[in-house]
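Notes follow once the structure below has been shown.
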Amino acid sequence: RPDLIAMREAMGIMQHHDAVTGTEQQHVADDYARVLDIGFHDCDDITASALSKLMGSSEPLEMTNCMLLNVSSCPLTENNDDFVVTIFNPQSREVRPLVRLPVASTTDQYTAKCPQGKEHPTQVNALPTDVLVIPGRPGNALGELTFLTGCIPPLGYKSFYISKTSKPKHTKKPRIFTPSEPT
Amino acid sequence: SLGYDGRFINLNANGLLESISIDGKNESVQMDFGFYKGAVGNNEVFGVRSNRSSGAYIFRPNGTVNLFAQTPAVTIVQGDVVSEVRYKYSDWISSILRIYRGAEPFHVEHEWLVGPIPFDDEGFGKEVVIRYHVSDLHNNGEFLTDSNGREMLKRKMNYRPTWNVELDEKISGNYYPVTTRIAIEDGDNIWSVVTDRSQGGSSLQDGTMELMVHRRLSHDDAFGVGEALNETAFGKGLVVRGIHYIVPGSHADARKVVQNKVLHPWYFLSSAKNIPFEDWR
């Protein structure tokens, strides 16, 4: 419960109409973001121990969640050839999301395997140049790995073992072309 | 045409969105980027509308929407899992139409990237909108917007349910809060756009849904905050990235897409360095 205090305080502060509508001064908006960020990070231990309970493992899991996926930045997926992504479904019905994760290069191929060893089709696209130049965007991701998870059970999770493969996979590489000059 | 399993986005010779097909049924859909100039007033006499500036509390455009020329640079990426059409309208506006295999309920993603918004020569700010046009759908000035992600409220152009309104501001007077979804319908032909954050929206022309995605204004609107809505980051005008989900079909499908996006799955990542797959398994 102590880990939850920061997030509860954040939600308390942000009942204010300024926080809801964005009519606060800039420095106040920046402070709201700071308070929320602390709240999220304080919740990491709670979610890790909740997931380890779900997984039935005794010790809390070593997991991070990337807070900058909205600018396609994630040190863990950019700097590791092999990593595990666990996807938790907070809904009471199954979902089939498309997972998109930033990766360092655009030429590497990756495999995505579920615990049963089944390979899920993956695709690596180059990130648009406009994303690469977002001011302040950290990291060095140039590509984006996408794959389909299949069904993720209600209030459940599914883990995938992602590994970079040296040999090009059987899937056709994305075709890139620009239509004829606009008429 | 790009897509999978009977669902396609169809492009014209210039690579622009022309229609969306679902299991053989074709619906012509186009999309535009545009912006309103933010009105600049002296805010002198409180309550006198004509003095009002557009700002944090107020959306007041100076004139009608300025649509971007439909000649963006286009790049198409086609793959096994996902296909994308990437547009670059200017050096501060680009977007991606994305369709992927197995999207259920079916929807097309439109990821937009806007900013830094430049002020123009007279110092006017800009309020950037995206307009989706379902050409054969006639909603006759009626549309629906959600209320805090829950029930959908019917909206009608230039109308208020509880009094005979005379709108001075024909554009902003018809803008409503969109927390997760805006929709237009013509019988059982229903189209929704699901947002990934709260935005302002309307249906100012027949068959269209318009959402405001970013604003940068040069004048305070004298309602108390005491500064213009001119957010910056790393010394430049704020760059904003988000996604709209274009959902054809029933309200039930659109509601599911809202839940799938608002209650998006969480990703937890861990390194698997020196842990072979067999051991991990």
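Just so we're on the same page: letters track the sequence lines, and every chain starts at 1. These numbers come from a predicted model, not from an experiment.
- With a 4.5 angstrom heavy-atom cutoff, V95(A) touches chain B only via side-chain atoms.
- F147(A) touches chain B through its backbone: at least one of N, CA, C or O sits under 4.5 Å from a heavy atom, while the side chain does not.
- Using a 4.5 Å cut-off between heavy atoms, V99(A) contacts chain B through both its backbone and its side chain.
- Heavy-atom distances place the side chain of D18(A), and not its backbone, under 4.5 Å from chain B.
- Both the backbone and the side chain of S159(A) come within contact range of chain B, with heavy atoms under 4.5 Å apart.
- Heavy atoms of I162(A) lying under 4.5 Å from chain B are absent altogether.
- For the residue pair R93(A) / Q259(B), a side-chain donor-acceptor distance below 3.5 Å is found, with atom types taken as modelled.
- Neither the backbone nor the side chain of L11(B) comes within contact range of chain A; no heavy atom of the residue lies under 4.5 Å from a heavy atom of that chain.
- Panel note: side chain R281(B), backbone Q116(A); a donor-acceptor pair is recorded below 3.5 Å.
- Tested against R86(B) for a side chain to side chain contact (heavy atoms under 4.5 Å, CB included), the candidates N125(A), D130(A), T129(A) yield a single pass: N125(A).
- Under the 3.5 Å distance criterion, the side-chain polar atoms of Q123(A) are matched with a main-chain donor or acceptor of D80(B).
- For a residue to count as touching a neighbouring chain, one of its non-hydrogen atoms must lie under 4.5 Å from one of that chain's; by this rule C114(A) touches chain B with the backbone only.
- Heavy-atom distances place no part of V133(A) under 4.5 Å from chain B, backbone and side chain included.
- Ranked by heavy-atom pairs under 4.5 Å with chain A, the first of G242(B), S270(B), A73(B), P177(B) is S270(B).
- Contact annotation for E94(A): neither backbone nor side-chain heavy atoms come within less than 4.5 Å of a heavy atom of chain B.
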